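Each remark here refers to the structure printed beneath this line.
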Amino acid sequence: MGYVFLLLAIAAEVFGTSLLKSTEGFSRLWPTVLCLTAYAASFALLAQVVKSVPVGVAYALWSGLGTIAIVAIGTAFLGEPISLV
């Protein structure tokens with residue numbers, strides 16, 4: 001069950017990160033509320049994950065898969081280029 005929660009935590013974090021641009025520096029209320037709620041859900045789920053999955057494994061998967069997903073979303077939907085940087 002820990003890995004199911006981990007996938008949900010990753011999805012929530014990716015959702016929150018994909019909303020960052022639409023918050024316009026946290027000046028737009030509803031995108032900001034959704035973004036921060038997604039981040040809170042992600043951390044709450046991650047806290048449950050580390051009860052059954054080693055912290056190093058959980059964090060490595062959470063950060064790595066989240067990074068891959070947000071790069072893909074950024075290039076596909078937000079018009080961001082892929083570069084070495």
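All of these numbers come straight from a predicted model, not from anything done at the bench. Throughout, numbering of the chain's residues begins at 1 and tracks the sequence.
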If hydrophobic clusters are built by linking Ile, Leu, Val, Met, Phe, Trp and Tyr wherever their side-chain heavy atoms come under 4.5 Å apart, do [X] and [Y] end up in the same one?
X	Y	result
Leu61	Phe5	yes
Leu45	Val57	yes
Phe43	Leu8	yes
Val55	Leu65	no
Val53	Tyr59	yes

If you take all heavy atoms of [X] and [Y], which pair is closest and at what distance?
X	Y	value
Ser18	Ile73	CB-CG2, 4.2 Å
Leu46	Ala58	CD1-CB, 4.4 Å
Leu78	Lys21	O-NZ, 3.7 Å
Cys35	Gly16	SG-O, 3.3 Å
Glu13	Tyr39	O-CE2, 3.8 Å

Quick check for you: to the nearest 0.5 Å, what is the distance between [X] atom [atom1] and [Y] atom [atom2]?
X	Y	atom1	atom2	value
Ile70	Ile68	CD1	CD1	12.5 Å
Thr67	Ile10	OG1	CD1	10.0 Å
Leu34	Leu29	CG	CG	9.0 Å

* Under the side-chain hydrogen bond (donor to acceptor under 3.5 Å, both in side chains) rule, collect the residues that match up with Gln48, sequence neighbours excluded. => Lys51

* Could you give me the CA-CA distance, side-chain angles and deciding distance for Ser22 and Arg28, then say whether side chain to side chain contact (heavy atoms under 4.5 Å, CB included) is met? => CA-CA 8 Å; Ser22 67; Arg28 294 183 59 217; 4.1 Å; yes

* Let me see the working for Ser42 and Phe15 under side chain to side chain contact (heavy atoms under 4.5 Å, CB included), right down to the final yes or no. => CA-CA 10 Å; Ser42 180; Phe15 179 68; over 6 Å; no

* To do: Could you please spell out the steps behind the side chain to side chain contact (heavy atoms under 4.5 Å, CB included) verdict for Leu20 and Phe26?
  => CA-CA 8 Å; Leu20 272 176; Phe26 296 123; 4.0 Å; yes

